[in-house]
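No experiment lies behind these values; they were computed from the predicted model shown.
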Amino acid sequence: MAGARFAAPVSDTTENEFRLTSIPEKTRQITDWGIRAWDEWAAARAASSSEAVTDHVPVATPLLQMAGDDFAYWLGKFVLEVRKADGGEYPPKSLYALVCCFKRYFEANGVHDINPINSNDPRFGGFRQTLDAEMQRLHASGLGTKKKQAEPISPDEEAMLWSSGQLGCHSAVTLLNTVYYYNCKVFGLRSYDEHRSLQCKQFEKKLDERGRVYLEYTDCGSKTNRGGLKHMKVENKTVRQYENVDDSEHCIVNIFEFYFSLIPSRDSYFYFRPLKGLKFVKQPVGRNKIGKFIPDMCKAAGIEGYKTGHSGKVTCATTLYREGFSDQLIKERTGHRSLEALHQYKRTGSKQQEDLSMALGPSIADKENEKPSKCDSDDDDFMPLKKKFKPPVQPEIGVPTQGMFPHSCMNQ
């Protein structure tokens with residue numbers, strides 16, 4: 001019998017099931033998708049009357065019973081023949097993702113000598129050439145060349161969320177929307193996993209050495225730091241968000257403290273189901289709702305564009321990028337460990353694109369200092385157009401500017 005110091009004995013089945021939790025849920029779902037695609041393709045090919053005779057094992061042989069050279073043979077056929085459920089072809093990156101599923105599947109089942117993406121394994125040399133050629137063909141056809149990415153929330157759109165009542169503190173629903181949105185934009189949380197596991201204890205109100213108040217968020221598990229063997233040397237992300245003494249009504253510290261004062265408990269999950277008025281019930285927000293906060297808010301506010309659960313974190317990175325903050329500071333806020341990953345979250349604005357276009361436009365000399373050119377012509381049709389740029393008008397000192405948010409959220 002186990003003493004009070006130790007947990008109850010664990011069975012082999014329990015341990016095996018627990019091992020699966022080391023793999024992110026999204027990764028497990030993608031792996032299952034790849035294996036299903038293989039099983040359906042293998043069954044269809046085995047039933048085909050055009051199945052050729054080969055020295056390799058039958059295509060319908062279970063994957064875990066295939067030798068490496070047999071799997072390499074059939075995998076080449078698979079990447080050329082696999083299709084979506086609607087009959088369409090997969091984009092190049094999706095095809096590569098399918099191949100990666102097999103590597104994870106074999107590893108999860110104790111097979112470590114079969115890795116189709118290992119360039120040092122000669123058994124898969126021919127397959128990799130087939131995969132490379134097919135990916136090039138798909139790319140040349142234009143498939144997958146336009147990536148659909150979540151769009152950031154612009155300052156004007158954020159103001160629309162406030163003015164339309166989607167953000168604010170006048171009801172439990174809008175308050176829940178608000179803390180979710182600023183968990184994304186301010187603290188750099190992702191759309192689903194990090195929100196679902198988020199707990200109130202990860203937030204703490206503190207004072208710095210100058211006596212300034214700030215809210216500190218501490219990461220307890222994210223995509224870039226799951227806390228396991230691979231991330232032992234990775235430090236937990238901590239984010240400070242200082243109070244806004246000039247606009248206490250829209251201060252993140254005040255809004256979160258207001259939310260914490262209304263929820264039933266601070267000892268469990270973060271998101272509680274809202275009731276009428278400013279009340280919350282002691283039940284967590286459903287998993288499907290977490291991914292729909294931003295799309296639902298934007299739709300209700302009349303904001304167009306591809307706004308998803310990732311738009312909040314994209315807004316975080318894009319806002320700091322456009323404000324000129326260094327990549328290092330942005331990485332500390334978003335939690336990205338590489339510049340490549342960070343750059344995937346940055347979005348250039350239409351104004352930046354316009355400025356870039358103007359900078360690359362035809363260079364035309366100022367007419368007053370213009371020198372005669374060999375191409376000069378008396379024909380007015382050949383006279384170049386001259387671009388003139390006026391400096392921006394500077395506001396007068398002491399003249400107040402209109403705030404971003406037209407409505408107060410804390411006057412309740």
Side-chain donor/acceptor pairs under 3.5 Å, residues 85-95, sequence neighbours excluded:
| unit_1 | atom_1 | unit_2 | atom_2 | d |
| --- | --- | --- | --- | --- |
| Asp86 | OD1 | Gly88 | N | 2.9 |
| Glu89 | OE2 | Arg83 | NH2 | 3.4 |
| Glu89 | OE2 | Arg137 | NH2 | 2.6 |

Tell me whether Glu304 at atom CD has more than 12 heavy atoms from other residues, nucleotides or ligands lying less than 6.0 Å away.
no

NE2 of His56: more than 12 outside heavy atoms within 6.0 angstrom?
yes

For Phe280 and Pro264 the tightest heavy-atom approach is O-CG, 3.6 Å

So do His250 and Asp247 actually touch side chain to side chain, heavy atoms under 4.5 Å?
yes

Looking at every heavy atom in both Lys307 and Pro152, which two are closest together, and how far apart are they?
NZ-O, 2.7 Å

Kindly say whether Pro284 contributes a backbone atom to a donor-acceptor pair with the side chain of Arg273 at under 3.5 angstrom?
yes

So, using salt bridge (charged side-chain N to carboxylate O under 4.0 Å, His left out) as the criterion, who are the partners of Lys205 when residues are at least two apart?
none

With a 4.5 Å cut-off on side-chain heavy atoms, are Phe124 and Val99 touching?
no

Nearest heavy-atom neighbours spanning Met66 and Thr61
CE-O, 3.6 Å

Identify whether NZ of Lys or CZ of Arg in Lys289 sits under 6.0 Å from the centre of the six-membered ring of Phe293 and within 45° of that ring's axis.
yes

Can you confirm whether Cys298 sits close enough to Ile153 that some side-chain heavy atom of one is under 4.5 Å from a side-chain heavy atom of the other?
yes

Under the side chain to side chain contact (heavy atoms under 4.5 Å, CB included) test, residues paired with Phe325 that sit two or more places apart:
Leu320, Glu323, Leu329, Ile330

I need the single residue from Phe270, Phe256, Tyr180 that forms a ring-ring contact (aromatic ring centres under 6.0 Å, His included) with Phe187. Which is it?
Phe256

Regarding Glu158 and Tyr181, do their side chains bring together a donor and an acceptor under 3.5 Å, going by distance alone?
yes

Hey, does Phe127 have a side-chain heavy atom less than 4.5 Å from the side chain of Val79?
yes

Spell out, as yes or no, whether a donor-acceptor pair under 3.5 Å connects the side chain of Gln202 to the backbone of Thr218.
yes

Hey, is the main chain of Glu151 close enough, under 3.5 Å, to the side chain of Ser311 for a donor-acceptor pair?
yes

For residues Pro274 and Leu176, report the shortest heavy-atom separation together with the two atoms involved.
CD-CD2, 3.8 Å

Quick one: ring-ring contact (aromatic ring centres under 6.0 Å, His included) pairs with a partner in residues 94-121, sequence neighbours left out?
Trp38-Phe102, Phe71-Phe102, Phe71-Phe106, Phe78-Phe102

Would a distance-only check, ignoring hydrogens and angles, find a side-chain to backbone donor-acceptor pair under 3.5 Å from Ser248 to Asn244?
no

For the residue pair Thr14 / Ser11, report whether a side-chain donor-acceptor contact shorter than 3.5 Å exists.
yes

Residue pair Phe258 / Leu262, side-chain heavy-atom distance below 4.5 Å
yes

Do you know the tightest heavy-atom contact between Glu157 and Ile303?
O-CD1, 3.4 Å

Contact check, side chains of Tyr271 and His195, non-hydrogen atoms, under 4.5 Å
yes

Within a 6.0 Å radius of atom CD on Gln129, are there more than 12 heavy atoms belonging to other residues, nucleotides or ligands?
no

Give, for atom CZ of Arg128 and atom OG of Ser119, the distance between the pair rounded to the nearest 0.5 Å.
6.0 Å

In Å, rounded to the nearest 0.5 Å, how long is the span from CE of Met160 to CE of Met297?
13.0 Å

Below 4.0 angstrom, N of the basic side chain to O of the carboxylate: do Glu107 and Lys103 qualify?
yes

Should we count NZ of Lys148 as having more than 12 external heavy atoms under 6.0 Å?
no

Check Trp162 against Gly168 and note the closest heavy-atom contact, atom names and distance.
CZ3-CA, 3.6 Å

Side chain proximity check, Leu175 to Ile255, heavy atoms < 4.5 angstrom
yes

Using side-chain heavy atoms (C-beta onward) and a distance below 4.5 Å, is Leu189 in contact with Lys313?
no

Would you compute the distance between atom CG of Leu207 and atom CD of Glu243 and round it to the nearest 0.5 angstrom?
8.5 Å

Within this structure, what is the CG-CG distance for the pair Leu75 and Asp70, rounded to the nearest 0.5 Å?
12.0 Å

Would you call Glu40-Arg45 a salt bridge at under 4.0 Å N-O?
no

Contacts of Arg212 that satisfy side chain to side chain contact (heavy atoms under 4.5 Å, CB included) - sequence neighbours left out
Asp208, Arg210, Tyr242

Straight-line distance of Cys316 SG to Asn183 CG, nearest 0.5 Å
11.5 Å

Could you give the distance from NE2 (His310) to OG1 (Thr315), rounded to the nearest 0.5 Å?
12.0 Å

In terms of ring plane angle, is the pair Trp74 and Trp41 parallel, tilted or perpendicular, where the classes change at 30° and 60°?
perpendicular

Report the C-alpha separation of Ile35 and Trp33 in whole Å, then their side-chain angles, then the decisive distance to 0.1 Å, and conclude whether the side chain to side chain contact (heavy atoms under 4.5 Å, CB included) test is met.
CA-CA 6 Å; Ile35 301 305; Trp33 159 69; over 6 Å; no

Checking Asp32 now: which residues fulfil salt bridge (charged side-chain N to carboxylate O under 4.0 Å, His left out) with it, not counting sequence neighbours?
none

